[in-house]
Amino acid sequence: MKRSLALSIVAGLMTAATLSTAPQGVALAPPPTPTAFDQAVDQLLGQQYPQSVVNTLNSYGDSPLGFRMTGAPADEAAANYIADQFSSIGASSVRKEPVPVDAWTLKGASVTVEGRAMTASQFPGVPGTNGALTAPIVYVGQGRANDYTGKDVTGKLVLVDIEFDDYWFNLTGEEARRRGAVGIVFTNGANTAPYHADPNGLASDESRWSLNGLPAVFISTNDGNWLKNRLNMGGATSASVTSDVNIKKHNFSSPASGGVGYNVAAEIPGTDPNAKAIVISAHHDAYFRNGLDDTAGVAQLLTIAKAMKASGTQFKRPVIFLATTGEEFGYADTQYDYLAGAWWAATVTHSSSASDPAQRWTGPQGRIALIINLEDSPQQAGPLYSSATPDLVPWFSSVADSSKDLLQHGYNSYQPYSLWQDGATWAAAGVPTVVTVAEKASYEGVNHTDQDTSALIDYTYLGELAKFYGRAVKSASTALLPHDLDSQADELVSGVSATQLKAAGADPQTVDALVAALQQYKAATAAYSNRRSSISSKRWTAVNDGLTSLQRYWYTHLSGFDAGDNSLIFPFQQTLNDIEHMKSAITLLQGGGAANKDAAIEELKQVGLTSAGLQFSPAVYAEELKRYLPDYYLRNWGGQVNQFWHVDITDKVRQIEAGNYTTSISGLQDVVASAVGGIDVPGAQTPSVHIDGLDKRLADATTALNAMTPMVNALK
């Protein structure tokens, strides 16, 4: 993903906690006595089976650098191999499941300057050059609006220090296009992040590129520095860029006529045919010939399945293995260009409307209970991190706490739930999910580069983690499902402050109704926790069905994304955050605009994507925000939640900078009123669309809680 999950976790460890108390009625993982499954894992390690999986997958590549992007030949070869492995293992219901995608086959790229040929890497979603593209080249720093001051790039190539972390780099691409450039050469800069560990390394990433965007490639830090030096010395007036790309666009209405990637699914039945299933997933598409992200995850997936079959291990619950495509990239011209395979599985192939009841994983009666998603692991001495939906945090942490023999490098549970992996779209579809990574903070300098190789994989640790996931599945296969309703309710309780909401301008009666509904729901979950251990085994199946329906309702009605698409939050939270920052700025300006100007601007930078918007031309930012509108034609998994108002207040900031405090205050007050009450705005494809305000979002939460309270009361 754009950022490694572990970096997000390490950055937020102030809120991380390793929990050691299991939810009432949930058994801790078994003691560290070797089981037949554990012994089978050891045998597979001795046979170097995981290594053979990694080596085979990394033998597939569409360019000398590798690359297994969805829909391209190398990724299809990977899907075929994985399906063959599941079949040879003896798993049930092995199938390749087609996913319509934008197939971007990256076949190689280079940049030549003054006779120096530099190998370049490519980005999925970014068009090629259709032969050599030769033009003068100009260095424009980070490629933001101010970086073009005094520079005419019409008809020229631009050299840009790429920024992977602070904003999506399609903004720099669109800025260059609107300035008249014909192509982009990206490299690392001294002040851009991440500064990749190897100065000779190459990088790639999902791009969110526009369909009419410029060709663009990436050269190493050392090559970039050489080129900058030549330009500073007055040389290197032109460059020649080649980027060989084959493109086949998706066709949702007729998938076979467009680009197609493949998820691979297989099952090992449980001892209880009526029990809800557990999904273990990893993605098989990859940048370069990678190791941790996520080739090793697929190796773990196959090792677990093979060890289960070799040892005759069956858990009460069926185990479904899912290797997805398109996790890294699936579609161009959208904000949600990643998680394609998981999104299609959750919303189409395995939705509640699937023709085969056995394939209905989501929806109120969906057959899966939870998902464990394996990402970015295992790196030697890398702690295991998990990001779980709140209902699963206590359970998964209790399994980890009982498995210190397998997790010798430590364990941390991180909240809020991260959106940088396949689990995000499953959670939005109503399926509780745990995502895990095992890596060190230094991996940020390696992720999505040609330095993420199989040499990083600790295969002994891979085996220990395979055993740990076996314990987790066994723990979740006993008695009642491990969803902790009380813990889940507590997260909402902590997010609802009547004082805070009313101060933001929310309707007092609406706030009071929400608080009352939440108190009733919390009382119901507390009562369920108290009686959970006494529920008769004869009722377990019915109660588990009720738990599944409840969780589906919770996540499909109470899920939202934050402004940066980093975390799963409640639908009203980003709106509330934006209102509070705008009201703080208004107060500062009313107290003396000139004196408080800088502080007011800093407050406004915290509103939505304003900080990024201030760095680019107004037209570039306005085009960016259109993609979040509910009528945008390609919303993908972003359309699973009720998006908040990505309001453009950059003009208000410019007014403040110019000293027009009265005008800016009046404008901000109007924006706050609309953010509370809702607003109709020009649509992306239609004349107008409606965006719900804070009051409506709070009222919807109240309605959801009132519907769920009797669902909890019925769990007995």
Side-chain angles (χ1 to χ4, degrees), residues 1-16 18 50-51 54 58 65-66 121 161-166 169 186-206 218-225 282-283 286-300 327-328 373-387 400 406-414 418 420-421 435-465 468 566:
M1 296 287 58
K2 178 169 174 282
R3 299 181 64 193
S4 76
L5 175 59
L7 180 71
S8 300
I9 290 171
V10 170
L13 276 180
M14 290 177 63
T15 60
T18 300
Q51 289 92 325
V54 170
N58 279 341
L65 293 175
S121 55
D161 292 336
I162 199 165
E163 178 55 75
F164 284 124
D165 280 357
D166 288 351
F169 66 96
F186 284 112
T187 189
N188 282 318
N191 298 312
T192 57
Y195 189 89
H196 294 121
D198 187 343
N200 291 310
L202 295 171
S204 187
D205 217 322
E206 54 273 17
F218 179 95
I219 59 175
S220 71
T221 303
N222 279 348
D223 283 340
N225 287 340
H283 67 88
Y287 293 109
F288 303 100
R289 301 185 192 276
N290 79 16
L292 300 187
D293 183 19
D294 195 24
T295 306
V298 177
Q300 291 178 75
E327 193 265 2
E328 301 291 8
N373 186 49
L374 314 181
E375 268 281 355
D376 295 9
S377 77
Q379 187 176 16
Q380 185 175 16
L384 181 70
Y385 296 95
S386 76
S387 178
L406 300 177
L407 306 179
Q408 298 180 28
H409 304 302
Y411 167 79
N412 280 288
S413 173
Y414 174 74
S418 168
W420 294 117
Q421 33 64 39
V435 58
T436 63
V437 302
E439 62 188 54
K440 295 182 286 191
S442 60
Y443 180 64
E444 172 64 3
V446 175
N447 184 228
H448 289 187
T449 76
D450 58 352
Q451 304 305 301
D452 180 3
T453 68
S454 58
L456 295 178
I457 302 172
D458 183 338
Y459 286 99
T460 300
Y461 192 11
L462 185 151
E464 301 296 275
L465 289 177
F468 168 71
N566 294 299

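All values below come from the heavy atoms of this structure, side chains included, with hydrogens, waters and symmetry mates left out.
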Next on the checklist: If you compare all heavy atoms of Ser220 against all heavy atoms of Pro199, which two are closest, and at what distance to 0.1 Å?
Outcome noted: CB-O, 3.5 Å
Item to check | Least distance between heavy atoms, Ala282 atom then Asn373 atom | outcome: N-OD1, 4.1 Å
Checklist entry - Do any N or O atoms from the side chain of Thr187 and from the backbone of Ile219 form a donor-acceptor pair under 3.5 angstrom? => result yes
Checklist entry - Asp450 side chain to Gly201 main-chain N or O, any donor-acceptor pair under 3.5 Å? => result no
Next on the checklist: Quiz question: by atom type and distance under 3.5 Å, do the side chains of His283 and Glu375 form a donor-acceptor pair?
Outcome noted: yes
Checklist outcome for this item: Value for CG (Asp458) from NE2 (His409), rounded to nearest 0.5 Å, stands at 6.0 Å
Item to check | Pairwise side-chain contact, Glu444 with Asp165, heavy-atom cut-off 4.5 Å (strictly under) | outcome: yes
Checklist entry - Looking only at heavy atoms, what is the nearest atom pair of Asn222 and Asn200, with distance? => result ND2-OD1, 2.9 Å
Checklist entry - Backbone N or O of Ser377 within a donor-acceptor pair of the Tyr461 side chain at under 3.5 Å? => result no
Item to check | Test side-chain contact (heavy atoms from CB on, under 4.5 Å) applied to Val446 and Glu439, step by step | outcome: CA-CA 11 Å; Val446 175; Glu439 62 188 54; over 6 Å; no
Item to check | Ala299 to Pro50 - nearest heavy-atom pair and separation | outcome: CB-O, 3.9 Å
Next on the checklist: Using modelled atom types and a 3.5 Å cut-off, is there a donor and acceptor pairing between side-chain atoms of Thr192 and backbone atoms of Ile162?
Outcome noted: yes
Next on the checklist: How long is the straight-line distance from CG of Asn58 back to OG1 of Thr453, given to the nearest 0.5 Å?
Outcome noted: 8.5 Å
Item to check | Atom pair CZ (Phe288) and OG1 (Thr449), whose distance is rounded to the nearest 0.5 Å | outcome: 6.5 Å
Checklist entry - Leu406 and Leu465: side-chain contact (heavy atoms from CB on, under 4.5 Å), yes or no, with the steps? => result CA-CA 7 Å; Leu406 300 177; Leu465 289 177; over 6 Å; no
Checklist entry - Between Phe164 and His196, what is the shortest heavy-atom contact and its length? => result CE1-CE1, 3.5 Å
Checklist entry - For the side chain of Glu163 and the backbone of Asp166, is there at least one donor-acceptor N/O pair under 3.5 Å apart? => result yes
Checklist entry - CG of Asn188 to CG of Asp161: how many Å apart, nearest 0.5 Å? => result 8.0 Å
Item to check | Atom pair CD/OH of Gln300 and Tyr459 - distance to nearest 0.5 Å | outcome: 10.5 Å
Checklist entry - To the nearest 0.5 Å, how far apart are CG in Asp223 and CG in Leu202? => result 8.0 Å
Item to check | Over all atoms of both residues, closest heavy-atom pair of Thr436 and Ser386 | outcome: CG2-CB, 4.2 Å
Checklist entry - Does any donor atom in the side chain of Tyr287 or Asn447 lie under 3.5 Å from an acceptor atom in the other side chain? => result no
Next on the checklist: For His448 and Glu328, which I'm curious about, is there any donor-acceptor pair between the side chains at under 3.5 Å?
Outcome noted: yes
